[in-house]
Amino acid sequence: MSSSIARRLEQLILDGTLKLGKKIPSERQLSERLGVSRSILREALKELRGRGLIETRHGQGTIVTGLVSRLEPEHPLVYLFQDHPRTLYDLLEVRELLEGQAAYMAASRGTEEDFRRITRAFNDIDQAQVSSTEAQEAARLDHAFHQSICEASHNPVLVHTLQSLMQLMLNTVLASVNNLYHRAPYKEQIDRHHRQIYNAVIGRRPEWARKAATAHIKNIRERMLELEHEGQRLDRSGVWERTLAGTDSTKPDH
């Protein structure tokens, strides 16, 4: 019996109901939801802990650890990002591909609850005042918007892959915030793209959503390449550890 409950919990992780990095409901809530005793539920949770899918953290409770390991600070990709400028554009190419597909699937598969989360994230970045918002906070809000769309794709492999790369993805967002947000024409284009993505996803227009998300990331990449070709040095300050320190995993990207 506990094994079948463990499989049901695994499915909740796969479909994104139990989200990576977030606290799972209490034993009482889960046992009521699944219609099993708390003793059976505890055995099922023990199985998931043994498989590395959940872990208990002091002061946080039981957290979903995910399907794909996150990159640690000493990971080679983190080093390459920090020391080799080309890696920024490689990451943006990956985002262009993956986030375009995520937007397509979010428009196709998103639930009303997904759309409420996307709307909250969009309103947060839409209402933020750049002049009074720290770069890390602006990056977090931007990232949260894109992440809410990714989660609405209901493709667990895509969601967990992007989340495993979150540290590096946040750095691409921070780079765009540092280099483009204070240039009015570029910021206005970013805002237009965010609104286009939002309207296409909420309006359930998959092809438009894919095109808007792809155009958005492509535009970011092209604008930063332009700045470098003009001889301007890109600002990569605010490494990912500091950005992550300001990211609340319980909150809902570029």
Side-chain angles (χ1 to χ4, degrees), residues 16-17 19-23 60 64 92 95 98-100 102-107 109-154 158-159 162-163 165-205 208-210 212-217 219-220 223 237-238 240-254:
T17 302
K19 298 183 184 301
L20 172 65
K22 296 185 180 179
K23 183 178 177 181
Q60 296 184 53
V64 177
L92 287 168
R95 286 189 56 197
L98 296 184
E99 293 187 24
Y104 177 93
M105 290 188 288
R109 305 174 181 176
T111 65
E112 291 306 312
E113 178 58 31
D114 290 326
F115 291 167
R116 282 192 286 273
R117 285 195 295 268
I118 292 169
T119 296
R120 286 196 296 270
F122 174 74
N123 287 338
D124 285 343
I125 57 171
D126 193 46
Q127 295 167 8
Q129 296 296 316
V130 175
S131 60
S132 59
T133 304
E134 293 290 336
Q136 277 85 3
E137 175 64 6
R140 187 194 67 76
L141 293 174
D142 193 315
H143 180 272
F145 171 63
H146 290 278
Q147 184 172 325
S148 68
I149 291 172
C150 179
E151 291 174 351
S153 73
H154 293 282
L158 176 61
V159 172
L162 280 171
Q163 287 177 324
L165 295 172
M166 185 176 73
Q167 293 91 333
L168 292 175
M169 296 306 183
L170 272 166
N171 258 356
T172 69
V173 180
L174 190 57
S176 69
V177 169
N178 283 335
N179 294 285
L180 304 181
Y181 265 45
H182 63 283
R183 293 175 165 89
Y186 294 164
K187 180 61 168 63
E188 289 167 7
Q189 181 65 69
I190 289 170
D191 291 343
R192 282 195 297 271
H193 280 157
H194 281 159
R195 185 169 294 278
Q196 288 167 1
I197 296 167
Y198 170 74
N199 287 333
V201 170
I202 297 299
R204 296 191 181 277
R205 302 172 71 185
W208 280 104
R210 190 209 309 269
T214 299
H216 173 51
I217 304 300
N219 176 69
I220 295 289
R223 297 295 79 77
S237 62
W240 68 266
E241 291 94 338
R242 284 191 292 169
T243 305
L244 281 178
T247 302
D248 185 344
S249 63
T250 63
K251 295 180 183 179
D253 160 283
H254 238 5

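When reading the values below, keep in mind they use all heavy atoms of this one structure, side chains included, and skip hydrogens, waters and symmetry mates.
Salt bridge status for Arg117 with Glu113: present, with a side-chain N to carboxylate O gap under 4.0 Å.
Checking side-chain atoms of Arg205 against main-chain N and O of Asn199 turns up no donor-acceptor pair under 3.5 Å. When atom types are taken as modelled, the side chain of Arg109 and the backbone of Ser153 share a donor-acceptor pair closer than 3.5 angstrom. Side-chain atoms of Asp114 come within 3.5 Å of backbone N or O of Thr111 as a donor-acceptor pair.
Taking every heavy atom of both residues into account, Ala103 and Arg210 meet most closely at CB-N, 4.3 Å. Among all heavy-atom pairs drawn from Trp208 and Ala200, the shortest one is C-CB, 3.8 Å. Nearest heavy atoms, Ala144 versus Ala121: O-CB, 4.0 Å. Shown here for Ala106 and Val201, the closest heavy-atom pair between the two residues is CB-CG1, 4.0 Å.
From Ile202, atom CD1 reaches atom CZ of Arg116 across 10.5 Å, with rounding to the nearest 0.5 Å. Note that the CD1 atom of Ile220 and the OG1 atom of Thr172 stand 9.0 Å from one another [nearest 0.5 Å]. Rounding to the nearest 0.5 Å places CZ of Arg223 at 12.0 Å from CZ of Arg183. Rounding to the nearest 0.5 angstrom, the gap separating the CD1 atom in Ile118 from the SG atom in Cys150 is 10.5 Å. Here the CG atom belonging to Asn179 is positioned 10.5 Å from the OH atom belonging to Tyr186, to the nearest 0.5 angstrom. Separation of atoms CG (Asn219) and NE2 (His193) is listed at 5.0 Å; rounding is to 0.5 Å.
Residues satisfying the side chain to side chain contact (heavy atoms under 4.5 Å, CB included) criterion with Leu98, sequence neighbours excluded, are Val94, Leu158, Leu162. When the side-chain hydrogen bond (donor to acceptor under 3.5 Å, both in side chains) test is applied to Asn123, no partner is found at least two apart in sequence or on another chain.
The salt bridge (Lys or Arg N to Asp or Glu O under 4.0 Å) analysis of residues 192-202, with sequence neighbours excluded, yields the pairs Asp126-Arg195.
Annotation: side chain of His216 is in contact with side chain of His194 (closest heavy-atom distance under 4.5 Å).
Ring pair Phe145/Tyr198 is tilted by interplanar angle, where 30° to 60° counts as tilted.
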Task: Audit row: Asp191, Lys187, salt bridge (charged side-chain N to carboxylate O under 4.0 Å, His left out) steps and yes/no - done: CA-CA 6 Å; Asp191 291 343; Lys187 180 61 168 63; 2.6 Å; yes
